[in-house]
Every structure is written in structure tokens, then in C-alpha cells.
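Scope of the values below: all heavy atoms of this structure, side chains included, with no hydrogens, waters or symmetry mates.
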Amino acid sequence: MVAAIVLLTIAIIDILKKRHSLEYIGGYYMKVISIILIVIGAIGLLLSTMMFGDIGLAAGIASITAILSGVNFLNLNKKISTN
């Protein structure tokens with residue numbers, strides 16, 4: 001999880017340094033961020049089943065949100081790269 005946050009931070013800093021167009025942002029980094037979101041969401045969903053009470057419910061909702069965000073980032077990346 002820490003490695004994913006570090007990779008996200010490095011990607012965002014690199015994007016801000018280069019300040020390229022939307023095509024550059026919609027390429028490699030958007031795909032990496034979406035894959036990281038899906039992986040973190042899947043791990044979080046598995047871990048939320050081991051938690052009790054409202055904490056487990058909150059973790060499950062957060063992990064489902066991460067999975068849906070990752071899937072939508074992938075769809076947006078496809079739409080940006082085809083135009």
C-alpha cells in the first residue's frame with residue numbers, strides 16, 4: 001500500500017513537472033493509476049471481510065469505490081487515447 005502511494009506521488013509530480021497536454025496525461029500514468037486503484041480495492045475488499053462491525057462495512061464501501069474508480073479511469077483512458 002505504501003508502494004502504491006509512493007508510485008502515485010511520483011507520477012503526479014512527474015506530470016506537474018512536465019506539464020504536457022491531456023494526451024500525455026491520458027496515456028501511461030492514467031493506466032498505472034487505474035491498475036493501482038483496482039489492486040488496492042481488491043485487497044481492501046478481501047481485508048474488509050475479516051473486520052467486524054461498522055469498520056468492516058466502511059472498509060468494504062471504500063474498496064468498492066476504489067475498484068469502480070479504477071475501472072472508470074481505464075474507460076476514460078480508452079476514450080482519450082482513441083480520440
Side-chain angles (χ1 to χ4, degrees):
M1 181 116 159
V2 174
I5 294 171
V6 170
L7 285 175
L8 285 172
T9 307
I10 291 171
I12 290 170
I13 290 172
D14 194 36
I15 289 170
L16 292 176
K17 279 184 182 177
K18 293 184 179 184
R19 294 185 184 184
H20 284 284
S21 66
L22 187 61
E23 294 173 0
Y24 181 75
I25 296 171
Y28 176 74
Y29 292 113
M30 202 164 183
K31 193 175 289 187
V32 168
I33 290 171
S34 65
I35 291 171
I36 289 172
L37 278 170
I38 292 170
V39 168
I40 289 175
I43 292 171
L45 195 59
L46 290 174
L47 291 176
S48 71
T49 61
M50 292 186 255
M51 299 177 191
F52 296 105
D54 58 345
I55 300 298
L57 184 64
I61 291 171
S63 59
I64 289 171
T65 303
I67 291 171
L68 291 175
S69 298
V71 169
N72 286 326
F73 265 49
L74 275 176
N75 289 338
L76 185 63
N77 186 29
K78 288 179 186 174
K79 288 181 183 178
I80 289 175
S81 63
T82 57
N83 289 336

Under 4.5 Å between any side-chain heavy atoms of Leu37 and Ile33, yes or no?
-> yes
Same cluster or not: are Phe52 and Leu46 linked, directly or through other Ile, Leu, Val, Met, Phe, Trp or Tyr residues, by side-chain heavy atoms under 4.5 angstrom apart?
-> no
Mind checking who shares a hydrophobic cluster with Ile61, ILVMFWY linked at side-chain heavy-atom distances under 4.5 Å?
-> Leu57
Locate the shortest heavy-atom distance separating Gly70 from Ser34; write the atom from each residue and the value.
-> O-CB, 3.2 Å
Rounded to the nearest 0.5 Å, how far does CG of Leu68 lie from OG of Ser63?
-> 9.5 Å
Treating Ile, Leu, Val, Met, Phe, Trp and Tyr as nodes and any side-chain heavy-atom pair under 4.5 angstrom as an edge, say whether Phe73 and Leu76 lie in one connected cluster.
-> yes
same_hphob_cluster(Ile43, Ile40) at 4.5 Å side-chain heavy-atom cutoff = no
Taking all atoms of both residues into account, what is the closest heavy-atom pair of Met51 and Gly56, and its distance?
-> CB-CA, 3.5 Å
